[in-house]
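To find a chain, count down the sequence lines: A is the first, B the second, and so on, and within it residues start at 1. Every heavy atom of this structure was used, including side-chain atoms; hydrogens, water molecules and symmetry mates were not. All figures in this text were calculated on a predicted structure; none of them were measured in a lab.
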Amino acid sequence: MKYDYTSIEKKWQKRWDELEAFKTGTDYSKPKYFTLVEFPYPSGQGLHIGHPRPYTAMDIVSRKKRMQGYNVLFPMGWDAFGLPTENYAIKNKIQPSIVTERNVARFKQQLKMMGFSFDWSREINTTDPNYVKWTQWIFLQLFKHGLAYKKEMAVNFCTSCKCVLANEEVVNGVCERCGSEVVHKVKSQWMLKITEYADRLIDDLEGLDFIERVKTQEINWIGRSHGAEVKFNTTEGDVITVYTTRPDTLFGATYMVIAPEYALIEKWKNVLNNYDEIIAYKEAAAKKSDFERTELVKEKTGVMLDGIKAINPVNGKEIPIFVSDYVLATYGTGAIMAVPAHDTRDWDFAKAFNLPIIEVVAGGNVQEEAYTDVATGIMCNSDFLNGLEVAEAKEKIIEWLTEKGIGEKKTNFKLRDWVFSRQRYWGEPVPLVYCEHCGKWIPIPEDQLPVTLPEVEHYEPTDTGESPLAHCDGWVNTTCPVCGGPAKRETDTMPNWAGSSWYFLRYCDPTNNEALASSEALDYWMPVDWYNGGMEHVTLHLLYSRFWAKFLYDIGVIKCKEPYLKRTAHGMILGENGEKMSKSRGNVINPDDIVRDYGADSLRLYEMFIGDFEKSAPWSQASIKGCKRFLERIAGLTEMLTDKVNPSLEASLHKTIKKVTLDIDDMKFNTAIAAMMSFVNEVYEAGSLTKAQLEALVGLLCPFAPHLAEEIWETLGNTTLLSLAKWPEYDESKTVDNEVEIAIQINGKLKGTMKLAINTPREDAIAIAKQDPRIAALIEGKTIVKEIAVPNKIVNIVVR
RNA sequence: GCGGGUAUGGUGGAAUUGGCAGACACGUUGGAUUUAGGAUCCAAUGGGCAACCGUGCAGGUUCAAGUCCUGUUACCCGCACCA
């Protein structure tokens, strides 16, 4: 058979469409399998060569599960709100909705040309009003449960996007998206209380089948730490509360530090002899951008409060108080007790300001460097804690503090609440109005959702940091749903993470108008069985969507505590030069070109064969040829049919079926393909194979290269789809050889091999090995010290 | 600095519990076929004439180490003054 990939691929894509081959079944009595890939942002650039890697992988899993009899849900949609579209719209004066529509059409055509078995009848789009309706509905539930609140606060503001960013969107002090400088601005923002779920977001990871690096990254981002809050009195009578993970070192606290933004500073204006100096320091700190702050991380600066001292509660000693920007206003209480002997940062600061360093945990040389080891140290210079180990001291001091009412156990998190407002146009409007008469934010009644975006002339963000919607008077001015008086709509929109935080639920029942999905569908399909996506979303999308799912669980919408049972991550496809693919590097590969020159099946196969699925790998134009060659060789098998069963080929086939079946579940797609290649090589050596053997082979090939597999299947006289046929099964007894090759070693070095019947006893194997002429010669005249034999593997004779 | 990961031929990468290192491909070389180019097929392909030597580097454990232990280097990713 000639391998005309272009016509074969067109033919089968059309056939699958016509037959609705991959439409998800609604028979809820069947076992289900929900495979999920991250839906793309339909950018103007079109599909990236990296997209097909995870999509093909999960297509393989889905196709195999389908052939194994599962009711499979493998959907696709568009995460279509976002800044690039809006920026394109501004530049070219086209409505964002039209740009989106155009990009979606292109993406869809490109995904279809890859032959993915998505159920297109369940396609969703986050910008669709019927979808926005339910994103807004979830927001309103969060609002009604007190988890969405508006707060005046210092936020990350991108100077280029003119938009606030969540902490998760600031990378190395610059904007994650455009790389521009991020500064702090005080603004009133909608916030989501993700911190209320911090403990559960860590604890519920246990028992989930997530790859380890995803778990640790989430845990580190949430950053839970256990310690205590301790109250320090001051000479002014005001109390400063500090958070510390090392209450055991309280006797070593020789000074305190408060953040520049600490509120009490204002109150002490008249007591402080150097108030002006302190305010100057505060203002200088405020001016620093995030980027400058991270750059200047080494140098410790600060100003001592002249006129006020704090009192260490354990020994009554007066200690100085400093203002320094190495203490963050947003973590803990914004104030710390400094123990230079046992904290590196405090030590640096104490050296710079010549402050006393008192050792309270023995074991290091605290004049040379801070001693931070908590595992081996013994307490000293600490009165009633002396002689205790650090862990014991911690417990005892917390007990003591609690008894005296000056401290208590406390857990803290690095995770902050989620800044949920964006001052841009192309996002979901926040469905609230502000009513002066009622004096508060009023939710839009649920039956009036969705609140849709008005058509406007200009999408540009304003220099004042207000949303472009603010200029749209006709839209902003409305009536209050409660009192009927005049009210103003919220003009901020939601971040693009909103729509993706629940999209997997919509796939379960994508056209429902009564609910985000019917509970029947949700109960059947959820949780997602296998979700594959990029590492870059671990602290963003993955965390956010787990938070929303937990909330929806709490209010009874879904019945699972966690949305995803299994999470894996793929490696990137790099440019041919080993660098990340980018326009500026000029190493971008266009999938359209590859499909034209090699076919979608070759591209699919190559992206799976390129290497370990979890690792990044450079693209190689030369290597894809090998995959095409392999497919051509498979096409050639149709001319090699025989009626005679070759037993050794039959054994190889069953081994191959076993290997491919197991490898797919283990995400070892590259070795699965290698196994099929080996088998095909063997067939060429043998010269022929039976129809049944070829049918089994194309069954295995079907998830990887479905077009060619279907074509051969049809050529063999089958009238039903291979994609819906039964997955090939292997006979375990046929996968075991009755003869094995065994290595013979002398002193651990390979000296020969021998063929033995399987499970030949140890003694026999050793005896046969010794008869080998080469081995016999090597043993000749030596003393045998030891003889080791591992059945079916190796014989090792140790001689002297 | 902290956390996670990686290191194997000219290249991408294989190697159950420690048990024949380099599967499978790419590339290269030689040959066949072809008017030519391309494509295809066959053969060889870690190094060394050889004994042997070879999995970033240095040690160790073991009959046996890519795999386990100790130390070390380089690179990648994440976090980054989180008290």
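Among the atoms of the strands shown, only primed sugar atoms or phosphate atoms (P, OP1, OP2) are found under 4.0 Å from some heavy atom of A/T245. The residue A/K751 sits close only to the backbone: its heavy atoms come under 4.0 Å of sugar-phosphate atoms, none of a base. Using a 4.0 Å heavy-atom cutoff across all strands shown, A/V798 reaches sugar-phosphate atoms only and no base atom. Using a 4.0 Å heavy-atom distance criterion, A/R416 is classed as a base contact.
There is a side-chain donor-acceptor pair under 3.5 Å between A/Y243 and A/S225.
The phosphate of B/G12 has neither OP1 nor OP2 within less than 4.0 Å of any side-chain N or O from A/K625. Put simply, A/R246 has no side-chain N or O that comes within less than 4.0 Å of OP1 or OP2 on B/A83.
Annotation: B/G71 and B/G13 have their C1' atoms spaced 29 Å apart (nearest Å). Annotation: B/C57 and B/U73 have their C1' atoms spaced 7 Å apart (nearest Å).
Between the CD1 atom of A/I673 and the C1' atom of B/A23 there is a distance of 14 Å, rounded to whole Å. In this entry the distance linking CG of A/N577 with C1' of B/U11 reads 14 Å, nearest Å. Counting to the nearest Å, the P atom of B/G4 and the CD atom of A/E218 are 17 Å from each other. The interatomic distance linking A/L605 (CG) with B/C24 (C1') rounds to 12 Å, in whole Å. As a whole-Å value, the separation of A/I624 CD1 from B/G12 P is 18 Å. For A/N681 and B/A43, the CG to P distance is 11 Å, given to the nearest whole Å. Protein atom CZ of A/F413 is 12 Å distant from nucleotide atom P of B/A83, rounded to whole Å. If you take CD1 of A/I222 and P of B/G78, they are 18 Å apart, rounded to a whole angstrom.
Ion pairing of A/R567 with A/E38 is present here, as a side-chain N (NZ or NE/NH1/NH2) and a carboxylate O approach within less than 4.0 Å.
Base-pairing analysis of RNA chain B finds the following stems of at least three consecutive Watson-Crick or G-U pairs, with both pairing distances under 3.5 Å: B:1-7 with B:73-79, B:10-12 with B:24-26, B:27-32 with B:40-45, B:56-60 with B:68-72.
Of the residues in residues 767-779 of chain A, none has a non-hydrogen atom less than 4.0 angstrom from any atom of RNA chain B.
For A/Q745, whose side chain is taken as the heavy atoms from C-beta onward, the closest listed nucleotide among B/G19, B/A83, B/A14 is B/G19. Taking the side chain of A/I610 as heavy atoms from C-beta on, and the options B/C24, B/C26, B/G12, the nearest nucleotide is B/G12.
Side chain A/K414 to base B/C79: no donor-acceptor pair is found below 3.5 Å. For A/E741 against B/C20, a side-chain N or O and a base N or O form a donor-acceptor pair under 3.5 Å.
Syn is the conformation of B/G9, whose glycosidic angle sits no further than 90° from 0.
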